[in-house]
Amino acid sequence: MKIAFFDTKPYDKPAFEKYGAEHGVKFKYFETKLNEDTVELAQGYDGVCVFVNDTVNAAVIDRLVEMGVNIIALRCAGFNNVDMKHAFGKVHVMRVPAYSPYAVAEHTMAMLLTSIRRIHKAYIRTRDFNFSLAGLTGFDLHGKTVGVIGTGRIGRVFIDICRGFGMKVLAYDKFPAEGLDNGDTIRYVSTDELFEKSDIISLHCPLTEDTYHIIDESSLAKCRQGVVILNTSRGALVDAEALLAGIKSRKVGAACLDVYEEESDFFFEDYSGHIMEDDTLARLISMPNVIVSSHQAFLTVEALENIAETTVKNLVDFSTTQHCANELCYRCGNTVDCKDGKCF
Ligand code: NAI
């Protein structure tokens, strides 16, 4: 089986080479992202393997189908970059639903602690032998209320971590998890109550029409003064302009962003020698109370191994049985795994 692998980074290859060699899947690695201009590279392959910032729109899907490429293997969980409606009936889309919820949840807590304990500032100071503590006052997490939007795999691990810190949890999910609400330290509430009562808000839901800009001017207006916003899910969950306005007005006390609405233009690449074209991103990064990492939350040894292992298994399962438990299906609702793997 031959697969064209797009948006390759050096850290992708070792695990994919290992699992690919074990199961007879040959990957051809392209550094470029998949989009309408690069789709021709997939000519002659059985499938493409893509990541979060590859573009799998209607035009790309149509060209893949014309070339006889009928598998799109996402090596990530989110699939907002795939036009699932258009893909239905034409091409099989599979993903890695869970590779390490711990990686993302732990990164979220790492960003929160870095931000509120000013570790990013202290690190730079002490490297310059500046041992002053002025301006480094933080606050305890113990006893604070965290609002968690999306209580799936990552959201629930993050809740466990927060509970370890002695925090109270207000949760919101379109499909609440059974048995999570204990009526006391973890409660499901409406989004309005979550916005009004949370000291910290963390986003762990997928990007859908419902969740697009779930943090915007109107939701921020409902939030507590000094609210901390954490987004390690998808950039467009947050209206970046509204967040910037909230930071300037001091309504938002801090923001930790592993994802950004326009990240596909910049993230994963070295732009250190360039003029930053995106004024909003530049302004956010310039703020002392904003921490940005470039979609790094998934990047642990364990997650990379799991991603490669599951992607190869998806491909092998599909090629040998025409069934893949991780196939995504528009017919099944666009947000859930295909139940029978044989929707078309
Ligand atoms: P999951 O599918 O286990 O959980 C998502 C939860 O969101 C589910 O409980 C679902 O019911 C809920 N949800 C769906 N629609 C909603 C809505 N309209 N409002 C509120 N909740 C809603 O997914 P998982 O594994 O926990 O991942 C969560 C998100 O994290 C992914 O969608 C992805 O965007 C992001 N992610 C980010 C990574 C990074 O490196 N920064 C890596 C992996 C995932």
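In each ligand, atom 1 is the first atom listed, and ligand 1 is the first ligand listed. Predicted, not measured: the structure shown is a model, and the values here were computed from it.
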Engineer: Tell me the protein heavy atom at minimum distance from atom 4 (O) of ligand 1, and give that distance in Å.
Structural biologist: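 Nearest neighbour among protein heavy atoms for atom 4 (O) of ligand 1, to 0.1 Å: Gly152 CA, 3.2 Å.
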Engineer: Starting from atom 16 (C) of ligand 1, which protein heavy atom do you reach first, and at what distance in Å?
Structural biologist: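 Here the nearest protein heavy atom works out to Lys174 CB, 3.7 Å.
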Engineer: Under 3.5 Å, is there a donor-acceptor pair between the Asp258 and Ser293 side chains?
Structural biologist: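 Looking only at side-chain atoms, Ser293 and Asp258 do form a donor-acceptor pair, the distance falling under 3.5 Å.
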Engineer: Is the shortest distance from a Lys or Arg side-chain nitrogen in Asp83 or Lys85 to a carboxylate oxygen in the other one below 4.0 Å?
Structural biologist: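 Salt bridge between Asp83 and Lys85, a charged N being under 4.0 Å from a carboxylate O: no.
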Engineer: May I ask you to check if Lys13 and Tyr29 form a cation-pi contact, with NZ or CZ under 6.0 angstrom from the six-membered ring centre and within 45° of the axis?
Structural biologist: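 The answer is yes; both the distance and angle limits are met.
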Engineer: Consider only side-chain N and O atoms of Asn314 and Asn326, and report whether a donor and an acceptor are under 3.5 Å apart.
Structural biologist: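 Yes, a side-chain donor-acceptor pair sits under 3.5 Å.
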Engineer: Can a non-hydrogen atom of Pro101 be found less than 4.0 Å from any atom of ligand 1?
Structural biologist: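 Contact check Pro101 vs ligand 1: negative.
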Engineer: Which is closest to atom 12 (C) of ligand 1 by heavy-atom distance: Val157, Leu257, Asp173?
Structural biologist: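 Looking at heavy atoms only, Asp173 sits closest to atom 12 (C) of ligand 1.
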Engineer: Any idea which protein heavy atom is nearest atom 33 (C) of ligand 1, and the distance to it?
Structural biologist: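 Of every protein heavy atom, Arg234 NH1, 3.6 Å lies nearest to atom 33 (C) of ligand 1.
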Engineer: Determine the sole option in Ile201, Ile215, Leu243 for which the side-chain contact (heavy atoms from CB on, under 4.5 Å) test with Val252 is passed.
Structural biologist: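 Passing option: Leu243.
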Engineer: Report yes if Ile149 has an N/O atom closer than 3.5 Å to an N/O atom of ligand 1; otherwise report no.
Structural biologist: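 No, Ile149 has no N/O under 3.5 Å of an N/O on ligand 1.
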Engineer: I need the atoms of ligand 1 closer than 4.0 Å to a non-hydrogen atom of Thr211, numbered in the order shown.
Structural biologist: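 Listed by number with element: 17 (C), 18 (N), 19 (N).
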Engineer: Considering only non-hydrogen protein atoms, determine which one is nearest to atom 37 (C) of ligand 1 and report residue, atom name and distance to 0.1 Å.
Structural biologist: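 Nearest neighbour among protein heavy atoms for atom 37 (C) of ligand 1, to 0.1 Å: Thr232 O, 3.2 Å.
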Engineer: Looking only at side chains, do Tyr123 and Thr114 share a donor and an acceptor under 3.5 Å apart?
Structural biologist: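 Note: Tyr123 and Thr114 side chains miss the donor-acceptor criterion.
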Engineer: Is the closest side-chain donor-acceptor distance between Asp216 and Ser218 under 3.5 Å?
Structural biologist: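 Short answer, yes.
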Engineer: Does atom 9 (O) of ligand 1 have a protein non-hydrogen atom under 4.0 Å from it?
Structural biologist: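 Within 4.0 Å of atom 9 (O) of ligand 1, protein heavy atoms are found.
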Engineer: Let me confirm one number: the CZ-OG distance from Phe195 to Ser219, rounded to the nearest 0.5 Å.
Structural biologist: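 One gets 4.5 Å once the value is rounded to the nearest 0.5 Å.
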Engineer: Taking Phe27 as the fixed residue, which of Thr8, Val312, Asp12 is the one that meets the side-chain contact (heavy atoms from CB on, under 4.5 Å) rule?
Structural biologist: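 For Phe27, the side-chain contact (heavy atoms from CB on, under 4.5 Å) check succeeds only for Val312.
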Engineer: Give the residue, atom name and distance (to 0.1 Å) of the protein heavy atom nearest atom 7 (O) of ligand 1.
Structural biologist: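 Checked against all protein heavy atoms, atom 7 (O) of ligand 1 sits closest to Pro206 CD, 3.2 Å.
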Engineer: How far is atom 44 (C) of ligand 1 from the closest protein heavy atom, and which atom is that?
Structural biologist: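 Checking every protein heavy atom, the shortest distance to atom 44 (C) of ligand 1 gives Ile154 CD1, 3.6 Å.
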Engineer: Which of the numbered atoms in ligand 1 are under 4.0 angstrom from any heavy atom belonging to Asp210?
Structural biologist: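 The list of qualifying atoms is 18 (N).
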Engineer: Using a 6.0 Å distance limit plus a 45 degree cone around the ring axis, check whether Arg153 lies over the aromatic ring of Tyr102.
Structural biologist: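 No, Arg153 does not sit over the ring of Tyr102.
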Engineer: Can you tell which part of His204 has a heavy atom less than 4.0 Å from ligand 1: side chain, backbone, both or neither?
Structural biologist: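 Contact part for His204 vs ligand 1: backbone (N, CA, C, O).
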Engineer: Just need the protein heavy atom nearest to atom 2 (O) of ligand 1, so name the residue and atom and give the distance.
Structural biologist: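 I find the closest protein heavy atom is Arg153 NH2, 3.7 Å.
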Engineer: Could you check which of Phe175, Phe79, Tyr99, Phe298 puts a non-hydrogen atom nearest to atom 43 (C) of ligand 1?
Structural biologist: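 Considering heavy atoms of Phe175, Phe79, Tyr99, Phe298, the nearest to atom 43 (C) of ligand 1 sits in Tyr99.
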Engineer: Salt-bridge test for Glu305 and Lys18: reply yes if a basic N is under 4.0 Å from a carboxylate O, no otherwise.
Structural biologist: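 Looking at Lys18 together with Glu305, the answer is yes, because their closest N to O distance falls below 4.0 Å.
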Engineer: Which of the numbered atoms in ligand 1 are under 4.0 angstrom from any heavy atom belonging to Val104?
Structural biologist: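 Listed by number with element: 38 (C), 42 (C), 43 (C).
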Engineer: In the protein, what heavy atom is nearest to atom 29 (C) of ligand 1, and what distance, to one decimal place, separates them?
Structural biologist: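 Heavy-atom neighbour on the protein nearest atom 29 (C) of ligand 1: Ser233 OG, 3.4 Å.
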Engineer: Cation-pi between Lys2 and Tyr45: NZ/CZ under 6.0 Å from ring centre and within 45° of the ring axis?
Structural biologist: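 Ring-cation test returns yes.
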Engineer: Numbering the atoms of ligand 1 from 1, which are under 4.0 Å from a heavy atom of Tyr172?
Structural biologist: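 So the atoms of ligand 1 that pass are 19 (N), 20 (C).
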Engineer: Using a strict 4.0 Å cut-off to heavy atoms of Asp258, name the atoms of ligand 1 that fall inside it.
Structural biologist: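 Those qualifying, in numeric order: 39 (C), 40 (O), 41 (N).
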